[in-house]
Amino acid sequence: MKNSTFIKSLILLLAIMVFSACTEEKKKRVINFSKTDLASENMIPKPLKVTATNGGFALDEFTAIYTSENATGFEAVGKFLAKKIKAKTDLDVQVNVNEIPNLETVIYINQSDSTEIEGAEGYQLYITPDSVILNANTAAGAFRGIQTIRQIIPETSNDTLSSSKIWTIPTGKIIDNPQFSYRGSMLDVARHFFSVADVKKYIDMLAYYKYNVLHLHLTDDQGWRIEIKSWPLLTEIGGSTEVGGESGGFYTQEEYKDIIAYAAERHILIIPEVDMPGHTNAASVSYPFLNGNGIKPELYEGTQVGKSTFDTRKDTVYAFVDDIVREISALTPGPYFHIGGDESHVTKKNDYIYFVEKVEKIVQKHGKIMIGWDEVAIANIDSTSIPQFWGSKKNAELAIKKGLKIIMSPAKKAYLDMQYDTLSKHGLHWAAYIPTDTAYVWSPERYEGIPIENILGVEAPLWSETISTIEELEYLAFPRAIGYSELSWSTQENRDWENYKVRLANQAPYLDRMNVKYYPSALIDWKKSKYTYTEIEKD
Ligand code: ACM
């Protein structure tokens, strides 16, 4: 929306408000202005700039949401916010409704072409006693902005001072945009399968902390988890088990599309990974011609790595890979396809390089950008392809020499499956123990000397060898995933452990409402919450 249209809309809103003020007698409202310091709110990730004006905006039954007309996706963002306000406060806030009796305060979600808003995900928030104005260039920016609004709505209303319930939002101004355009987590649904409902809950959590990517590790030695119409045995045989011998599972193509649509409503991109040429035992059990390690493949329920490989010199293997990439790419609107490429210990180096270069062409033929674990940097890959750094400095240096963008997922700092300490109930420790502070106190901007110019963003992978339920997933992911959101969104100058740990402590009521069984790290003085684990902030 151009500025003139924006001003017209504001005038219209004002007129509606005056009209309703004249025609209806309003209830007397007393707003409690104490404790209204926007700068000391518990926002995560920390916004770029916050200026407090120490007043209060009353969110109550006389509040309505308006969004820019004809701005793609903005009304959906307004409705999403209304739904979340309902879940948190039980208020029924109307969206884009013309005649609202007794309208007092508005939340206006405005599409702005202002060049002051940085990037597609930047936003500005102006909060006064009468209005909350959220400006963003795109619906994605508006969506990030409403997460900030959600976070600054107080947990409790000030009902002792008023005849009706009021949630006082502190006034001021926020200017915000992410440091990195890629802010992700990965979920391994191959070692243990996670249901669509579990994945959606994880997406909800990521959305609240302004993530924009969920990478799904869909295949591994122990399981193939995505329906492929042209190769049905992949799921029928390869999806039939998991680590520990449970019954496994897989997503039908319809379920995968449902996950993508759910993520898209939250402006989160799904990146599919089919790990190859190693980590392919489940595929080779289903179709033994794929196998290149000379041993008859059998379903595998253990946790060792590095034993499987495709036969990289067979044309039929590439016909198979073409079908896989074609079918999954057709279902996936995002620009990326992740080919794995890690730990192919029984693939000869030359065969590995040959494979990666051929598969990169297949990925590109189907209109996608290739991502691979950092080993792919040893091949002669295209400048658009993206290595994901998980541990090899040498591979990172190769990638830098080639001028590639890198996703930062160092196992020692960013692997969500690493145990917190020796007492952790779940997880591994082959890379490190990663307590809550260690997960936060490092700099993806300068890790292992990788220049910031080469960094696309940060991703926190959650491998699932030791977890099989959503509660176990949550134990490893939270609170650390909350810290990674700040590492990828907020600038280094804005990050400080002492300050962060207070804001993190105050996430407890939200985590409880979401029924998230987080690891209650003793480093954090968790805020007591009145919520029970049964009150889920449902959609
Ligand atoms: C990995 O941890 N094998 C990428």
Side-chain angles (χ1 to χ4, degrees), residues 182 184-192 213-225 242-243 271-283 293 300 302-310 336-347 349 352 355-356 359 370-379 381 385-396 398-399 404-419 426-434 439 444 447-448 450 455-467 473 476-477 480-481 484:
Y182 185 111
S185 180
M186 186 210 80
L187 184 58
D188 172 7
V189 294
R191 268 54 174 276
H192 282 102
V213 166
L214 175 62
H215 160 188
L216 290 175
H217 182 76
L218 291 166
T219 70
D220 212 302
D221 289 325
Q222 300 86 347
W224 185 285
R225 309 296 180 206
E242 60 186 10
V243 168
I271 298 182
E273 177 187 349
V274 172
D275 201 351
M276 48 195 171
H279 290 275
T280 44
N281 181 71
N293 73 0
Y300 183 59
T303 58
Q304 287 184 338
V305 299
K307 297 193 165 169
S308 56
T309 183
F310 280 164
Y336 302 115
F337 191 100
H338 199 307
I339 70 152
D342 57 321
E343 298 176 311
S344 287
H345 300 324
V346 294
T347 320
K349 188 173 175 187
Y352 177 84
F355 181 85
V356 168
V359 173
M370 185 185 83
I371 303 177
W373 296 105
D374 62 43
E375 290 94 324
V376 298
I378 68 172
I381 57 177
S385 293
I386 301 163
Q388 181 166 6
F389 174 83
W390 65 282
S392 166
K393 196 173 171 183
K394 230 165 88 187
N395 291 339
L398 283 173
L404 304 178
K405 289 279 188 196
I406 297 170
I407 296 165
M408 293 298 290
S409 303
K412 286 184 187 151
K413 298 289 180 186
Y415 266 27
L416 285 166
D417 61 311
M418 289 299 114
Q419 292 178 310
H426 311 289
L428 303 168
H429 55 262
W430 59 263
Y433 291 103
I434 308 184
Y447 191 76
E448 293 283 32
I450 300 171
I455 298 173
L456 184 64
V458 181
E459 181 181 299
L462 179 48
W463 301 98
S464 63
E465 287 96 329
T466 67
I467 54 171
L473 180 163
L476 287 176
R480 291 179 293 195
Y484 298 129

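If you read the sequence from its start, that first residue is 1, and numbering goes on from there. First listed ligand is number 1; within each ligand, the first listed atom is number 1.
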Does a side-chain heavy-atom distance below 4.5 Å link Leu404 with Pro387? yes

Of Trp373, Trp430, Tyr415, the residue with the heavy atom nearest atom 1 (C) of ligand 1 is Tyr415

State, yes or no, whether a side-chain contact exists between Gln388 and Asp342 at a heavy-atom distance under 4.5 Å. no

Protein residue, atom and distance nearest to atom 3 (N) of ligand 1, heavy-atom basis: Asp342 OD2, 2.7 Å

One finds that the ligand 1 atoms under 4.0 Å from a non-hydrogen atom of Trp463 are 1 (C), 2 (O), 4 (C)

Contact atoms of ligand 1, heavy-atom distance to Glu343 under 4.0 Å: 3 (N)

Ignoring hydrogens and geometry beyond distance, is a side-chain donor-acceptor pair present between Glu273 and His217 at under 3.5 Å? yes

Report yes if some heavy atom in the side chain of His215 is under 4.5 Å from a heavy atom in the side chain of Tyr336; otherwise report no. no

